[in-house]
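Okay, structure first, notes after.
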2 protein chains.
Amino acid sequence: MGVVETAIDTIKQMIIGGELRPGQKLPVEKDLAEQLGISRNTLREAVRALIAMRVLQTRQGDGTYVTSLSPGLLLDGMSFVADVHQGGGAGEFMHVRRILEPEGTALAAPRITDADLGRLGDLLDEAERLASEGVVDHGKLVALDQDFHSLIIFHCGNPVLAAVIENLSGRTVRARIWRGMTDPQALRRTLREHRAIHQALLARDAERARLHAATHILGVEDGLAALRLAGPEGDIR
Amino acid sequence: MGVVETAIDTIKQMIIGGELRPGQKLPVEKDLAEQLGISRNTLREAVRALIAMRVLQTRQGDGTYVTSLSPGLLLDGMSFVADVHQGGGAGEFMHVRRILEPEGTALAAPRITDADLGRLGDLLDEAERLASEGVVDHGKLVALDQDFHSLIIFHCGNPVLAAVIENLSGRTVRARIWRGMTDPQALRRTLREHRAIHQALLARDAERARLHAATHILGVEDGLAALRLAGPEGDIR
DNA sequence: CTGGTCGTATTCATCGGATCAATTGGAGCT
DNA sequence: AGCTCCAATTGATCCGATGAATACGACCAG
């Protein structure tokens, strides 16, 4: 095993073993490199790998710190994975989301705050306003869609579940779906489904929320499949 | 944004954009560094970050290559996340697994090959043999347990689902559960549940498989909760 | 004594160059 | 044709130096 890999594992073990705790500052590069018996450049490569995993964080002029190590933070590298597979694998990611998101939505029903229920309503109102005006700015709709789902899932009570769901559909895939929603009828259906989920949450009815979320994602999956039939390659090069 | 971060994003975009395809070789460090207008050391830090994400792979004396980018490969960094949270967050990971694994098991029922059904039986036989002999080697049992679940989930038909499930319970957590299974009755129950799942798969009965998998993981969750009551800190320092 | 300002030391970021090690591919030999 | 061996290629590691951002303490004004 290479020197860098060894250093990565050593630091990992220091964290798992509790020697380094969240928020704690690491020794300065020069000292840590000497302590591990490696050069400063090599240590930096190891640190850079752990930064990519969101395990460490550096601040120039200050030092290197262990992050909060919260699941939401550590799992958000997954979205890149989803983006890479926007082609053939998108359906597989969506399938997992179809399993998880209804459950998360049901869990959120008794937990979501009244304030956020109101915010959800606002998001829907704005989306419907945009849609009725025949807006072509899909970016706005994508953002509203993402906010809607995120806000619900945030209240599921399980940060790991929330983080996994959150990262299953990367921005690229999500944008592709909405871009493909040229049919105004499909757009109206999506908004109607969102409204139904909102109604169920307002009634604190977990079962209805679960079912509406499930059918909603089924609809999204169908849209994705149709998209693939229409244009096998989604790239516009 | 720092120079290294820019370089990481550039390479990422080259992959998402299709300019770099799986298995393809990157330009040599010297050339690529020059092309990106950065030093070789800086480029190496960017490459190292992408290696940590399993996006790139280097072979000394040969070159740097884009990996297969398969979901299973890219998602296997998750297991480290699970390991870090062996303390408080383990239950949350197990909860997600409880949602996904029954579904994956049900999906596997009609797909798993007869050969692998036989292999599952062999695994169970060996586990029961070890248990009846009062073996204290938990490592063997952990490995058999992992093989059992992996072999089933492998046939769920969705590599993304399989990869996520596979990485939700890191080795550390799994080992902790089995180590905590000091009660011979609990061990027998676990084996009985495994056998029940196997029987359902043999009968190609997806619904029974789903239910048995769900109750099995519930049992594991209970064991984990009991473990936390017994000893809040699992570290033996 | 309090508050702000400024300079300096600390620390990470980036760079250029040098040497080591592993792999590859071809020259040369049998 | 097949094998051996050497040299070129390429990543791995190290060293030293400079730039840039931050933190902290000295200093000063009120």
Side-chain angles (χ1 to χ4, degrees), chain A residues 1-15 19-69 73-74 77 80, chain B residues 1-15 19-69 73-74 77 80:
Chain A
M1 197 168 51
V3 180
V4 177
E5 283 75 17
T6 307
I8 293 174
D9 273 356
T10 304
I11 299 176
K12 266 189 185 177
Q13 287 306 320
M14 287 166 75
I15 291 174
E19 189 175 343
L20 285 175
R21 300 200 161 276
Q24 192 173 336
K25 186 175 174 178
L26 269 68
V28 296
E29 287 181 343
K30 184 175 171 295
D31 294 349
L32 188 53
E34 192 174 341
Q35 176 183 333
L36 298 179
I38 61 180
S39 83
R40 216 183 124 231
N41 262 329
T42 307
L43 172 63
R44 277 189 62 81
E45 287 186 25
V47 168
R48 184 62 70 175
L50 291 167
I51 290 175
M53 301 181 209
R54 307 286 201 273
V55 171
L56 296 182
Q57 174 192 358
T58 57
R59 285 191 313 195
Q60 186 177 172
D62 185 0
T64 303
Y65 296 84
V66 181
T67 67
S68 66
L69 299 179
L73 186 67
L74 269 59
F80 167 68
Chain B
M1 197 168 52
V3 179
V4 176
E5 283 75 16
T6 307
I8 293 174
D9 273 355
T10 303
I11 298 176
K12 268 189 184 177
Q13 287 307 319
M14 286 165 74
I15 292 174
E19 189 175 343
L20 285 176
R21 302 201 159 273
Q24 191 173 338
K25 185 174 176 179
L26 269 68
V28 295
E29 285 184 344
K30 185 174 172 296
D31 294 348
L32 187 53
E34 191 173 341
Q35 174 182 335
L36 298 179
I38 61 180
S39 84
R40 211 173 134 243
N41 266 328
T42 307
L43 172 63
R44 277 188 63 81
E45 288 188 25
V47 168
R48 185 61 72 173
L50 290 166
I51 290 175
M53 301 180 209
R54 308 284 202 274
V55 171
L56 296 182
Q57 176 191 358
T58 57
R59 286 190 313 196
Q60 187 177 171
D62 185 359
T64 304
Y65 297 84
V66 181
T67 66
S68 67
L69 298 179
L73 186 66
L74 268 59
F80 167 68

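Side chains are part of it too, since the values below use all heavy atoms of this structure and drop only hydrogens, waters and symmetry mates. Chain letters run A, B, ... following the sequence lines, proteins first, then strands; residues in each count from 1.
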remark   = note: B:Leu32, atom CG; D:dT9, atom P; distance rounded to Å ~ 19 Å
message = So A:Asp62, base contact, sugar-phosphate only, or nothing? Heavy-atom distance under 4.0 Å.
response = sugar-phosphate
inquiry  = When you measure from the side-chain N and O atoms of B:Arg48 to the phosphate of D:dT13, is any distance below 4.0 Å, counting only OP1 and OP2?
reply    = yes
request  = Provide, to the nearest angstrom, the distance between the CD atom belonging to A:Glu34 and the P atom belonging to D:dC15.
outcome  = 10 Å
Along DNA chain D (nearest heavy atom to each residue), the more 5'-positioned of A:Gly37 and A:Gly61 = A:Gly37
query = Are A:Thr58 and C:dA13 close enough that a side-chain N or O sits under 4.0 Å from OP1 or OP2?
reply = yes
query = Among all residues two or more places apart in sequence or in another chain, which pass the side-chain contact (heavy atoms from CB on, under 4.5 Å) test with A:Gln24?
reply = A:Leu20, A:Arg21
task = Verify side chain to side chain contact (heavy atoms under 4.5 Å, CB included) between A:Asn41 and B:Arg44, making sure each step is shown before the conclusion.
result = CA-CA 10 Å; A:Asn41 262 329; B:Arg44 277 188 63 81; over 6 Å; no
inquiry  = Can you tell me if A:Lys30 has over 12 outside heavy atoms packed within less than 6.0 Å of its NZ?
reply    = no
Spacing of A:Leu26 atom CG relative to C:dT11 atom C1', expressed in whole Å = 13 Å
inquiry  = Rounding to an integer number of Å, can you tell me how far A:Glu29 CD sits from D:dG16 C1'?
reply    = 14 Å
request  = Rounded to the nearest angstrom, tell me the gap between atom CG in A:Asp31 and atom C1' in C:dT10.
outcome  = 12 Å
query = Which whole-number value in Å describes the distance from B:Tyr65 OH to C:dT23 C1'?
reply = 10 Å
request  = With A:Leu50 as reference, evaluate A:Met53, A:Arg48, A:Arg54 under the side chain to side chain contact (heavy atoms under 4.5 Å, CB included) test and give the passing residue.
outcome  = A:Met53
Protein-nucleotide distance (A:Lys30, atom NZ; C:dA9, atom C1'), rounded to Å = 15 Å
inquiry  = For a quick test of reading the model, state the closest non-hydrogen atom pair linking B:Ala7 to B:Ala46 and the distance between them.
reply    = CB-CB, 3.8 Å
inquiry  = Checking contacts here: which listed nucleotide (C:dC15, D:dC14, C:dA13) is nearest the side-chain heavy atoms of B:Ile38?
reply    = C:dC15
query = Should A:Arg40 be listed as having a side-chain N or O under 4.0 Å from OP1 or OP2 of D:dC14?
reply = no
key: Sugar-phosphate only, base, or nothing, as touched by A:Arg59 at under 4.0 Å among non-hydrogen atoms   = sugar-phosphate
task = Consider the side chain of B:Asn41, meaning its heavy atoms from C-beta on, and name the nucleotide among C:dT14, C:dC15, D:dT10 that approaches it most closely.
result = C:dC15
query = Quick one: is C:dC12 close enough that its OP1 or OP2 comes under 4.0 Å of any side-chain N or O from A:Thr64?
reply = yes
message = It should be established whether B:Thr42 places a side-chain nitrogen or oxygen under 4.0 Å from OP1 or OP2 of nucleotide C:dC15.
response = yes
inquiry  = Please report the distance, rounded to the nearest Å, between CG in B:Leu36 and C1' in C:dC15.
reply    = 15 Å
